[in-house]
Undergrad: 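Please read through the structure below; I'll follow up with questions.
Within every chain, numbering begins at 1; the chains are lettered A, B, ... in the order of the sequence lines, protein sequences first and strands thereafter.
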Amino acid sequence: MNQQLFVYNTLSRKKELFEPIKSPFVGMYVCGPTVYGDPHLGHARPGITFDLIFRYLTHLGYKVRYVRNITDVGHLENDADEGEDKIAKKARLEHLEPMEVAQYYLDRYHFAMDKLNVRRPSIEPRASGHIIEQMEIVQKIIDAGYGYESNGSIYFDMVKYNQKYHYGKLSGRVLDDLLATTRELDGQDEKRNPADFALWKKASPEHIMRWNSPWSIGFPGWHLECTAMSTKYLGETFDIHGGGMDLLFPHHESEICQSNIANGQEPAKYWIHNNMITINGQKMGKSLGNFITLNEFFDGSHASLTQPYSPMTIRFFILQAHYRSTVDFSNEALQAAEKGLKKLLAAQNLLPKLKPAAQSSEDIKGLEQKLYEALNDDFNSPIAIAHLFDAVRIINSVKDGKASLTAEDLELLKKLFNDFVNEILGLQSEEVASGSDEMLNGVMQMLIELRQQAKVNKDWATADKIRNELGALNIVLKDTKDGAEWSVE
RNA sequence: GGUUCUGUGGCCGAGUGGCUAGGCACCGGUCUGCAAAACCGAUUACAGCGGUUCGAAUCCGCUCGGAACCUCCA
């Protein structure tokens with residue numbers, strides 16, 4: 001392992017030295033999607049952010065158990081009023097099982113994440129599969145005297161909690177302020193206090209997902225599933241709890257309350273939150289109706305897109321900003337990312353073709369050091385990418401004979417690109433083929449020879465015709481000192 | 001209203017006290033039959049005002065602007 005890793009902990013609002021509770025094991029829990037709509041660009045942010053963290057910790061040698069839940073309970077009842085998409089509507093009209101809807105969108109989510117080269121978590125538990133565990137936590141909280149029943153629903157007694165514990169430590173809220181500013185909500189009159197949150201809700205007649213319990217036929221409160229599943233698979237206290245910044249309050253704050261009472265300790269040592277993706281300066285979200293789905297990016301079908309963007313372009317676009325910054329969507333920014341990524345990967349493809357020299361004119365070991373320093377500083381991917389572009393310049397210069405690298409440095413550079421570009425940043429070439437297909441390769445060699453002959457005869461019309469017509473087929477020809485090169489775009 | 005952030009060049013986006021971030025775009029050059037790519041060079045910054053300091057994009061204060069959260073949205 002290289003140097004020390006520092007991570008920004010939302011709990012302390014500082015970068016802290018990362019020391020796992022039980023090294024080399026690392027437990028990481030991240031709040032996953034609610035599967036009732038198509039995955040959009042906003043889902044890509046935490047997916048890629050925690051994929052980077054997962055990949056980097058693994059690269060450093062940690063044994064990471066990464067748990068990311070699927071929320072498929074409790075959120076399916078009231079989507080009919082606004083922003084309902086066609087498929088959900090269709091599902092309702094055709095009287096599909098709620099699980100059918102959840103499965104449909106879960107498959108779509110997996111498909112999009114796979115395209116983005118986001119690794120699947122170690123465990124992907126579903127809330128609906130952990131109702132018993134959630135009810136057990138409710139019972140523990142009731143037994144401890146912090147949960148009370150009201151009309152079949154169970155609520156968490158926040159005022160009592162705050163007497164002994166510090167409510168709001170994660171988000172910086174003060175209970176008294178919350179009591180003064182909480183808005184009118186359904187079921188508010190059942191609570192002793194507006195800040196109390198539901199542990200178990202009695203199901204209204206139109207609520208389609210419901211379970212029997214000692215208290216009522218109903219469903220678990222929305223903060224409970226993460227406490228139940230993280231405790232089950234990672235223990236009462238684990239290393240990293242992640243999620244979007246929008247979940248900080250009240251979701252994560254409430255998880256802390258539940259863990260403190262049910263388990264007698266805080267759930268996580270490090271809280272990591274990714275920032276939002278914005279469009280025209282505003283958060284991209286389902287409830288705002290300004291989101292673009294990932295499939296729309298992939299095929300360019302959304303009205304505000306001037307072209308399709310490949311999954312790798314989107315991944316690179318997100319990694320070019322630090323995960324704690326907002327990143328603003330625009331066609332211009334996406335196009336810049338597309339070109340930058342192409343340049344980066346083209347340089348990597350060049351690496352095997354470089355000829356070693358007796359001496360190096362560049363400091364590759366120093367580059368390695370800088371790459372680790374960047375990622376050790378709270379997973380600073382934009383800095384790492386900037387250093388990789390320094391390497392791109394070196395590679396291209398070596399190719400042009402303007403710089404030199406020893407065989408040893410070339411090997412190290414190959415390893416660095418493989419480790420950092422492919423394994424850690426998770427970026428891969430999307431080229432369909434370049435020389436791997438034997439038949440295509442043979443045809444291309446023939447065309448290149450014909451064109452070379454035309455060039456010798458100064459028959460520029462024929463030479464350009466071959467190049468242009470190949471270009472129309474997305475095969476790009478480049479003339480270099482050592483003859484023509486080709487690649488499929 | 002409260003809490004937490006934030007304001008960097010044409011665009012995106014790093015950077016927390018002195019040292020060229022980087023990418024894209026634009027301009028000039030090298031190479032080239034032309035093109036593309038690549039390389040070299042130039043240009044464009046730190047919202048405003050005040051303070052601390054030998055020195056501030058970076059720390060402090062104020063003003064103005066923006067965002068997230070305070071409703072089951074990543």
Undergrad: State which of B/A36, B/A38, B/C73 makes the closest approach to the side chain of A/Lys478.
TA: B/A36
Undergrad: Who passes salt bridge (charged side-chain N to carboxylate O under 4.0 Å, His left out) against A/Asp363, sequence neighbours left out?
TA: none
Undergrad: Tabulated below should be each protein N or O lying under 3.5 Å from an N or O of nucleotides 3-6 of chain B; please produce it.
TA:
residue	atom	partner	partner atom	Å
B/U3	O3'	A/Gly172	O	3.3
B/U3	O2'	A/Ser171	O	2.7
B/U3	O2'	A/Gly172	O	3.4
B/U4	O3'	A/Arg13	NH1	3.4

Undergrad: Using a 3.5 Å limit on both pairing distances, list the dot-bracket string of RNA chain B from the 5' end; Watson-Crick and G-U wobble pairs count, crossing pairs take [ ], interstrand pairs take |.
TA: (((((((..(((.....[...)))..((((.......)))).....(((((..]....))))))))))))....
Undergrad: State whether A/Tyr36 places a side-chain N or O below 4.0 Å from either non-bridging phosphate oxygen (OP1 or OP2) of B/C73.
TA: yes
Undergrad: For the C1' atoms, the ones on B/G22 and on B/G13, what distance do you get once it is rounded to whole angstrom?
TA: 8 Å
Undergrad: Parallel under 30°, tilted from 30 to 60°, perpendicular over 60°: which one fits the rings of A/Phe197 and A/Phe156?
TA: parallel
Undergrad: Mark up nucleotides 20-26 of chain B, 5' to 3', with B wherever a protein heavy atom is under 4.0 angstrom from a base atom, S wherever such an atom reaches only the sugar-phosphate, and - elsewhere.
TA: -BSBSS-
Undergrad: Restricting to nitrogen or oxygen on both sides, can you table the protein-nucleotides 64-67 of chain B pairs closer than 3.5 Å?
TA:
none

Undergrad: For a quick check of understanding: with a heavy-atom distance under 4.0 Å over all strands, which category does A/Val476 fall into, base, sugar-phosphate or nothing?
TA: nothing
Undergrad: When you measure from the side chain of A/Lys402, which nucleotide among B/C39, B/C11, B/A74 comes out closest?
TA: B/C39
Undergrad: Considering only side-chain heavy atoms of A/Arg45, which listed nucleotide, B/A74, B/G15, B/G13, is closest?
TA: B/A74
Undergrad: Excluding sequence neighbours, so at least two apart, what forms salt bridge (charged side-chain N to carboxylate O under 4.0 Å, His left out) with A/Lys169?
TA: A/Glu266
Undergrad: Any side-chain N or O of A/Asn274 under 4.0 Å from OP1/OP2 of B/A74?
TA: no
